There are 4 protein chains.
Amino acid sequence: MHAAQMLSTHPKAKGKQNDALIRCIESCYDCAQTCTACADACLGEDDVSHLVQCIRLCSDCANMCAAVGAMASRQTGDNMAVLAAAMEACAKACQACAKECTKHASHHAHCRICAEACTSCQKACEDARDALR
Amino acid sequence: MHAAQMLSTHPKAKGKQNDALIRCIESCYDCAQTCTACADACLGEDDVSHLVQCIRLCSDCANMCAAVGAMASRQTGDNMAVLAAAMEACAKACQACAKECTKHASHHAHCRICAEACTSCQKACEDARDALR
Amino acid sequence: MHAAQMLSTHPKAKGKQNDALIRCIESCYDCAQTCTACADACLGEDDVSHLVQCIRLCSDCANMCAAVGAMASRQTGDNMAVLAAAMEACAKACQACAKECTKHASHHAHCRICAEACTSCQKACEDARDALR
Amino acid sequence: MHAAQMLSTHPKAKGKQNDALIRCIESCYDCAQTCTACADACLGEDDVSHLVQCIRLCSDCANMCAAVGAMASRQTGDNMAVLAAAMEACAKACQACAKECTKHASHHAHCRICAEACTSCQKACEDARDALR
């Protein structure tokens, strides 16, 4: 991804290094993809009826991550309080999804990978929110 | 929109009327459209340099509303705590955008209309979050 | 929705009435919501294993409609050829989803409603694309 | 990103390697982020009035890439004709955005980087569409 390059060439951010923000942006886009793929992989399993809650949480998490990935990519103007609340909601979505995916991790490798991506994105969102202050 | 019909025919929601949720879903999709259009209309104004903060807040608000509109449309499984946090973040995004758009409302009718849509969506998100409990 | 009001107050569109475009924008946001809700309602049915293809097509249709709804909302600058191709792809997504949902319409009312929304959105996208020329 | 891992563990795709599809998925999420960041970076430039068309094309490209990135991530069920049309529309969005960003590449490094991401995503979408057949 080009998040670091885009941030370093941004007229309002140039010079400011913000590793926590870069990790948050990249993790959100990554997690949006992983959760979209995991919801679909769960839907393709023979035991789909046991994975209904997992599909729901993956779908919600994908929506939140896509929103926060875009919002965190913006540096022009100021929307800090809103971004902080969105990152917090996203961290919660990731945590809930990771918890559910972990239940299926031993049966379905895609759930194991998705749980890892969600846990990583949860931490990235929390760190980036703390770095906003 | 078909949100009320879709909710009343949903296997997990059938029979339960939830007017606050329906208003939240419809307001979020409406506000996502309105904010996308307002950001673009601001970009087309001669005084675009004075509308930079407005474009930023409209863009962020559109992202949050799109995410919450989709999440609130789901009834299968349970993700209440995450949905509540997302609705709260969305209400904040709407409030911030309404406040900024109101500053430009006397010059630009699209900002006046957008401020109204955002204020209405803020209330719908707050009411739906309260109704979750 | 506020699409008509936003278009009539847009600095680049003021005065030009474009009913086909307004219907396309509103239909896309409506259909994005309806398809998201139908995918989730199918997921909540006892016969979810028979609705897997329906969930896939609804999910894809929701993604295309959300993208085209946003793109069609923009009037500043010019991106006609891209918008036409996107509307055409969206019409195809709607047509495919309507066809699949129709198969389940007698068993599941949400599929009947979704098929209607998709067929309506397909026509709106085709009409708006024709009106671009 | 985890696209390759998610594809290799998907119940419907397991065993089939599809490098073109993986590149398309990853490029779409990358390009969605890059275009969102470039639209915002252009908005933050002193010469924003010269970058209006660039902001429009970046915004549209971000919407198309986000939609196709999600759609291409799905392997359950079949929606080939729709996906092909969406990839084609996305390639066009990337091409138009790359062409416009290139005009500003010598003044704004973010436009140069964005043009590269768009050109790369255009090719990835075209290759993935060809590989669908």
Side-chain angles (χ1 to χ4, degrees), chain A residues 1-14 22 25-48 51 55 58-59 62-63 65-67 69-77 107-114 116-118 120-121, chain D residues 1-14 22 25-48 51 55 59 62-63 65-67 69-77 105 107-114 116-118 120-121:
Chain A
M1 293 196 65
H2 294 80
Q5 278 181 277
M6 292 306 287
L7 195 59
S8 69
T9 59
H10 195 292
K12 301 299 184 196
K14 217 178 282 187
I22 293 166
I25 295 168
E26 295 194 342
S27 297
C28 279
Y29 279 90
D30 175 18
C31 196
Q33 195 279 324
T34 307
C35 283
T36 300
C38 192
D40 179 75
C42 288
L43 188 66
E45 295 289 354
D46 291 338
D47 61 340
V48 57
L51 295 164
I55 294 171
C58 282
S59 301
N63 287 133
C65 287
M71 294 165 75
S73 297
R74 298 190 182 107
Q75 301 294 320
T76 299
H107 291 85
H108 301 307
H110 50 81
C111 284
R112 179 180 50 73
I113 299 161
C114 189
E116 292 167 5
C118 287
S120 170
C121 190
Chain D
M1 292 195 64
H2 295 80
Q5 277 181 278
M6 292 306 287
L7 196 59
S8 69
T9 59
H10 195 292
K12 301 301 185 195
K14 217 177 280 187
I22 293 166
I25 295 168
E26 295 194 340
S27 299
C28 279
Y29 279 91
D30 175 19
C31 196
Q33 195 278 324
T34 308
C35 283
T36 300
C38 192
D40 179 74
C42 288
L43 188 66
E45 296 288 354
D46 292 337
D47 61 339
V48 56
L51 295 164
I55 294 171
S59 302
N63 288 133
C65 286
M71 293 165 77
S73 297
R74 298 190 182 106
Q75 301 294 318
T76 299
H107 291 85
H108 301 306
H110 50 80
C111 284
R112 178 180 51 72
I113 298 161
C114 189
E116 292 168 4
C118 286
S120 171
C121 191

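Owing to the predicted nature of the structure, the values given are computational and were not obtained by experimental measurement. Within every chain, numbering begins at 1; the chains are lettered A, B, ... in the order of the sequence lines, protein sequences first and strands thereafter.
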Verify side-chain contact (heavy atoms from CB on, under 4.5 Å) between I25(D) and Q33(A), making sure each step is shown before the conclusion.
CA-CA 8 Å; I25(D) 295 168; Q33(A) 195 279 324; 3.4 Å; yes

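- For chain A, the nearby parts of A32(D) are the backbone and the side chain; heavy atoms of each come within less than 4.5 Å.
- Both the backbone and the side chain of C38(A) come within less than 4.5 Å of a heavy atom in chain D.
- The two residues T36(A) and S73(D) have their closest heavy-atom pair at CG2-CB, 4.2 Å.
- Note: T34(D) OG1 to M1(A) CE = 6.0 Å, rounded to the nearest 0.5 Å.
- Contact detail for A41(A) and H10(D): the closest heavy-atom pair is CA-NE2, 3.3 Å.
- The line from NE2 of H110(A) to CG of L7(D) is 12.0 Å long, rounded to the nearest 0.5 Å.
- Interatomic distance, C28(D) SG to Y29(A) OH, rounded to the nearest 0.5 Å: 12.0 Å.
- A side-chain donor-acceptor contact under 3.5 Å links T76(D) to the backbone of D40(A).
- Neither the backbone nor the side chain of A66(A) comes within contact range of chain D; no heavy atom of the residue lies under 4.5 Å from a heavy atom of that chain.
- Among C31(D), A37(D), A109(D), the residue making the largest number of heavy-atom pairs under 4.5 Å with chain A is A37(D).
- Every residue was checked against the ring-ring contact (aromatic ring centres under 6.0 Å, His included) condition with H2(D), not counting sequence neighbours, and none meets it.
- Summarising the geometry, atom NZ belonging to K12(A) is positioned 9.0 Å from atom CG belonging to L43(D); distances are rounded to the nearest 0.5 Å.
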